[in-house]
Asks: 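If you scroll down you'll find the structure; I have some questions about it.
Chain letters run A, B, ... following the sequence lines, proteins first and then strands; every chain starts at 1.
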Amino acid sequence: MAETKETALMEKVVSLCKRRGFVFQSSEIYGGINGFWDYGPLGAELKRNVKELWWTTMTRLREDVAGLEATIIMHPQIWKASGHVDTFSDPMSDCLLTRKRFRSDQIDPQSGIAYHYSGAKDPSSGVECNDPYAVLLPAGKPPESARRTATQFYLQRGLQSVELLGERTEKVENSQRFNPDNGSLLTEPRPFNLMFKTYIGPVADESNVAYLRPETAQAIFAQFKNVAETSRQKVPFGIAQVGKAFRNEVTPRNFTFRSREFEQMELEFFIKPDEAIEAIHGSVATPSGPGHPGEPQANWGWQLWHQYWVEERIRFYEGIGLPRTTLEEYWQKPEELAHYARACVDILFKFPFGTQELEGIAARSDFDLSQHQRCSGKPMSVFDEELKMAWPKLAPEKQAAISEGYFTHRQRYLTKTGETPEKAERTAREDAANLAKGYYVPHVIEPSAGVDRLILALLTNAFTEEESVDEKGRKEIRTVLRFHPRVAPVKVGIFPLLKNKPDLVARAIEVRDMLRPHFNVFHDEAGSIGRRYARQDEAGTPFGVTIDFDTLGEKPELLNTVTVRHRDDGKQERVPMSELLAWLQARIR
RNA sequence: GCGGGCGUAGCUUAGUGGUAAAGCUCCAGCCUUCCAAGCUGGUCAUGAGGGUUCGAUUCCCUUCGCCCGCUCCA
């Protein structure tokens with residue numbers, strides 16, 4: 001079965017992660033703690049490489065992205081504004097029969113006759129189940145229907161046949177305790193807070209509640225104005241951040257894939273509203289087809305920016321060794337989108353346990369900044385010189401059309417937030433008037449990636465096993481992690497051919513010290529050379545450098561050269577020590 | 001949160017109501033002129049807590065963790 005094979009692969013990866021020091025269970029000596037994982041020596045290097053590559057790609061190699069590193073605990077109002085407090089702390093009830101889950105406060109109130117049971121008995125075996133249960137029937141329905149449902153419930157509890165006990169009825173008005181679909185009793189409403197809660201200061205009471213951030217993004221929005229001013233960036237530009245986030249997941253699963261403490265790499269890329277683009281450039285450029293749209297252009301609308309970032313991110317993944325064939329793009333359907341999102345593309349990776357999300361690239365309109373503007377009372381709009389200059393040159397009917405479009409968009413947003421129609425209309429009119437003066441709240445494209453799931457993707461993608469037969473005819477399995485050199489935790493293994501020849505060891509240490517400032521290298525002199533190669537293969541080290549007697553001049557023409565061995569095919573070549581650093585740099589970049 | 005399975009060294013497995021075994025790995029020494037060679041020695045385990053028992057890794061209970069399915073996933 002494909003599934004058991006995949007599970008076996010996953011188990012091998014997990015086992016290797018522990019054996020070689022990529023990932024350990026958090027707090028293992030105390031029995032572990034569900035949903036938390038530590039990175040060991042190799043994992044820490046791997047993760048550091050991935051985050052650095054992301055940071056370099058997203059900020060240093062670009063003109064238009066600035067960095068930020070914000071705190072994990074922020075003002076609790078941030079999570080009010082973002083919507084996390086409300087959507088994360090709903091009381092939930094489960095149907096006792098079907099296990100379907102409901103928001104307790106959103107259940108259509110039900111009225112009718114409730115049939116209560118104190119339990120049930122299996123008349124053949126005498127076994128009893130004393131779990132109380134109830135079914136709500138609309139007035140006029142025969143009691144048989146309730147008994148059938150209740151019988152089903154007790155059958156699920158392990159009774160072979162069911163004799164209901166203690167039936168009594170009760171008139172019920174507007175109750176949210178029953179499943180509207182089948183009348184079954186629900187569990188007591190249980191709070192379902194997916195944010196980790198803490199208290200600021202020594203006294204733990206409700207006045208000083210704070211939350212560990214469930215995403216890094218909100219800090220970017222909250223600091224938008226500060227960054228915009230200090231970075232001397234102008235829209236379109238982005239703010240990038242890498243950092244820990246925390247979610248009290250219902251079910252942490254699949255090794256590190258869904259953890260309760262995890263790390264995100266998020267970019268919020270702020271763009272002009274399409275109305276501003278239209279005013280400045282006369283029209284809004286939209287995608288002409290699939291694929292990368294090329295270098296950003298001033299007249300791009302949000303759709304092109306969105307597509308641009310999807311393609312940029314896929315290129316990034318390809319660049320660190322995830323082949324295009326292991327990735328999938330999933331365009332969320334309109335009904336799956338969060339209410340504020342205009343579009344969202346998930347970049348999925350084919351994990352052994354299924355094709356799962358690595359990153360989501362959402363076009364979030366101006367929702368986030370608008371929320372913070374509204375909740376903090378601080379303006380989040382920017383001034384756009386180009387827009388101000390362009391506006392007066394527009395034909396009056398064009399001005400009116402753009403204004404009206406912007407007004408409608410703002411009004412729709414404000415209405416959704418619960419503003420009164422009058423206030424929504426008035427504020428939206430003001431916003432439209434400000435647009436004409438060059439002011440707007442930027443829209444945003446959000447590529448948001450999970451570091452830990454990317455690490456897991458890199459690990460499962462790199463994992464290969466090669467079966468071979470040694471000279472004594474024994475079958476052996478060599479495990480090789482075929483990491484892209486860019487992410488490999490150790491770049492170079494350095495080996496004196498023999499341990500008991502001081503000259504070889506001394507030269508090896510010389511090579512190690514020469515390379516050490518540039519890469520993570522590992523000197524190993526223990527065991528046969530083949531064993532040392534194999535050990536590094538398992539760690540994913542792309543290059544091995546061996547110092548042998550020719551390095552010392554046994555063959556004069558090979559003096560001061562070393563053997564470089566390639567991890568993936570075992571091929572070797574001879575490289576002069578003087579060129580070694582450049583040789584390696586060219587292949588690791 | 002619900003249901004099922006599992007838990008013995010770093011890994012893979014053995015075994016027993018009475019001293020917990022092996023292979024691989026790892027470490028040390030010797031040896032070794034390019035792919036897990038050999039020799040010698042060594043470290044390391046019954047997930048945790050409780051109960052039954054003279055004695056529990058084994059039986060029972062609880063708990064924690066892992067895996068699978070359901071549920072959830074802003």
Side-chain angles (χ1 to χ4, degrees), chain A residues 3-4 6-8 10-12 14-21 24-36 40 79 82-90 92-96 98-102 156-158 187-188 190 192 194-195 214-215 217-218 247-255 257-258 336-341 344 353 356-357 360 362 364 448 466 468 470-472 474 476-480 495-501 504 526-538 544-552 554 562-567 569-572:
Chain A
E3 199 162 293
T4 49
E6 308 292 281
T7 303
M10 214 34 223
E11 276 168 15
K12 284 179 186 170
V14 172
S15 163
L16 177 72
C17 280
K18 176 161 194 205
R19 184 155 44 87
R20 291 309 311 253
F24 305 126
Q25 198 174 17
S26 168
S27 319
E28 192 188 70
I29 60 168
Y30 290 101
I33 177 165
N34 189 307
F36 298 88
W79 308 112
S82 68
H84 286 86
V85 170
D86 294 333
T87 55
F88 268 40
S89 55
D90 307 322
M92 306 294 275
S93 302
D94 296 339
C95 173
L96 286 166
T98 62
R99 309 225 172 278
K100 186 174 171 184
R101 177 160 290 165
F102 297 87
Q156 281 183 5
R157 297 278 148 142
T187 59
E188 290 291 328
R190 286 173 296 205
F192 218 72
L194 294 192
M195 277 201 291
E215 62 174 36
Q218 293 305 320
R247 295 182 194 183
N248 217 342
E249 294 288 351
V250 182
T251 317
R253 270 296 155 88
N254 290 324
F255 197 34
F257 182 82
R258 177 168 293 132
E336 296 170 325
L337 290 171
H339 66 274
Y340 48 78
C344 185
F353 47 81
Q356 299 272 352
E357 185 185 348
R364 296 169 68 96
S448 167
E466 284 168 18
S468 62
D470 71 8
E471 56 224 28
K472 278 176 295 187
R474 282 185 304 212
E476 58 173 22
I477 292 172
R478 291 175 70 110
T479 303
V480 183
F495 318 113
L497 184 60
L498 297 176
K499 184 187 182 183
N500 61 355
K501 297 285 184 287
L504 292 178
S528 72
I529 188 69
R531 171 179 296 268
R532 285 176 277 162
Y533 286 149
R535 279 199 282 243
Q536 289 307 308
D537 287 346
E538 216 176 43
V545 168
T546 304
I547 285 75
D548 60 13
F549 293 94
D550 290 333
T551 312
L552 303 178
E554 197 168 274
V562 294
T563 301
V564 181
R565 170 191 178 268
H566 294 261
R567 173 196 63 204
D569 55 15
K571 293 224 172 75
Q572 304 193 343

Asks: Under 6.0 Å between the ring centres of A:F257 and A:F353?
Replies: yes
Asks: Looking at A:T251 and B:rG1, is any side-chain donor or acceptor paired with a base atom of the opposite kind under 3.5 Å?
Replies: yes
Asks: Please state the C1' separation for the pair B:rG10 and B:rC27 - nearest whole angstrom.
Replies: 13 Å
Asks: So A:E538, base contact, sugar-phosphate only, or nothing? Heavy-atom distance under 4.0 Å.
Replies: base
Asks: Is A:N254 close enough to B:rC68 that one of its side-chain N or O atoms is under 4.0 Å from OP1 or OP2 there?
Replies: yes
Asks: Under the criterion salt bridge (charged side-chain N to carboxylate O under 4.0 Å, His left out), which of A:R567, A:K12, A:R19 is the partner of A:E538?
Replies: A:R19
Asks: How far does the P atom of B:rU57 sit from the matching atom of B:rG3, given to the nearest Å?
Replies: 29 Å
Asks: Taking pairing as Watson-Crick or G-U wobble with both contacts under 3.5 Å, can you name the mate of B:rG42, or confirm there isn't one?
Replies: B:rC26
Asks: Tell me which nucleotide, if any, is Watson-Crick or G-U wobble paired with B:rG7 when both distances must be under 3.5 Å.
Replies: B:rC64
Asks: Select base, sugar-phosphate, or nothing to describe what A:F24 touches, counting heavy atoms under 4.0 Å on all strands.
Replies: nothing
Asks: Would you measure the distance from the P atom in B:rU8 across to the matching atom in B:rG15 and give it in whole Å?
Replies: 14 Å
Asks: Provide a list of protein-nucleic acid N or O atom pairs under 3.5 angstrom, restricted to nucleotides 42-45 of chain B.
Replies:
none

Asks: Sticking with atom C1', work out how far B:rU32 lies from B:rC6, rounded to a whole angstrom.
Replies: 44 Å
Asks: May I ask which nucleotide in the shown strands pairs with B:rG69, Watson-Crick or G-U wobble, both distances under 3.5 Å?
Replies: B:rC2
Asks: OP1 or OP2 of B:rC66 versus the side-chain N and O atoms of A:N34: is any pair under 4.0 Å?
Replies: yes
Asks: Could you give the distance separating B:rU33 and B:rA9 at their C1' atoms, to the nearest angstrom?
Replies: 36 Å
Asks: Compare side-chain N and O positions of A:R531 against OP1 and OP2 of B:rA37 and report whether any pair is under 4.0 Å apart.
Replies: yes
Asks: What are the two closest non-hydrogen atoms of A:T551 and A:T546, and how far apart are they?
Replies: OG1-O, 4.4 Å
Asks: With rounding to whole Å, what would you report as the distance between B:rC54 and B:rG5 at their C1' atoms?
Replies: 35 Å
Asks: Are A:M195 and A:V85 close enough, and set up right, to give a side-chain contact (heavy atoms from CB on, under 4.5 Å), and what steps lead you there?
Replies: CA-CA 8 Å; A:M195 277 201 291; A:V85 170; 3.8 Å; yes
Asks: Is A:R247 reaching over with its side chain to a backbone N or O of A:P214, donor-acceptor style, under 3.5 angstrom?
Replies: yes
Asks: Nearest heavy-atom pair of A:V562 and A:I547: which atoms, and what distance?
Replies: CG1-CG1, 4.0 Å
Asks: Please lay out, stage by stage, how A:F495 and A:R565 fare under the test side-chain contact (heavy atoms from CB on, under 4.5 Å).
Replies: CA-CA 11 Å; A:F495 318 113; A:R565 170 191 178 268; over 6 Å; no
Asks: Taking B:rG41 as the reference, what is the distance to B:rA48 when you measure between their C1' atoms (whole Å, please)?
Replies: 34 Å
Asks: What heavy-atom pair brings A:L337 and A:C344 nearest, and what distance separates the two atoms?
Replies: CD2-N, 3.5 Å
Asks: So does A:A526 get a backbone contact from the side chain of A:R531, meaning a donor-acceptor N/O pair under 3.5 Å?
Replies: no
Asks: Measure CZ/A:R19 against P/B:rU12 and give the value in whole Å, please.
Replies: 8 Å
Asks: Report yes if a side-chain nitrogen or oxygen of A:R253 is closer than 4.0 Å to either non-bridging phosphate oxygen (OP1 or OP2) of B:rU71; otherwise report no.
Replies: no
Asks: Run the numbers on A:E28 and A:K18 for side-chain contact (heavy atoms from CB on, under 4.5 Å), then give the verdict.
Replies: CA-CA 11 Å; A:E28 192 188 70; A:K18 176 161 194 205; 3.0 Å; yes
Asks: What is the distance, to the nearest angstrom, from the CD atom on A:Q536 to the P atom on B:rU25?
Replies: 16 Å
Asks: Sugar-phosphate means primed atoms, P, OP1 and OP2; the rest is base. With that split, encode nucleotides 29-34 of chain B 5' to 3' as B, S or - using protein heavy atoms under 4.0 Å.
Replies: S-SBBB
Asks: How do A:K18 and A:G35 order along RNA chain B: which one's closest nucleotide is nearer the 5' end?
Replies: A:K18
Asks: Reading RNA chain B from 5' onward, which residue's closest nucleotide shows up sooner: A:H566 or A:P252?
Replies: A:H566
Asks: Could you pull out the closest heavy-atom pair between A:R20 and A:R535, with the gap in Å?
Replies: NH1-O, 2.9 Å
Asks: Counting only side-chain heavy atoms from C-beta out, which of B:rC66, B:rC73, B:rC67 sits nearest to A:F255?
Replies: B:rC67
Asks: Which base, if any, makes a Watson-Crick or G-U wobble pair with B:rA21, both distances under 3.5 Å?
Replies: B:rU13
Asks: By the 4.0 Å heavy-atom rule, please label A:R478 as base, sugar-phosphate, or nothing.
Replies: base
Asks: Expressed as a whole number of Å, how far does the P atom of B:rU58 sit from that of B:rG17?
Replies: 11 Å
Asks: Does any nucleotide pair with B:rU58 by Watson-Crick or G-U wobble geometry, both distances under 3.5 Å, and what is it?
Replies: none
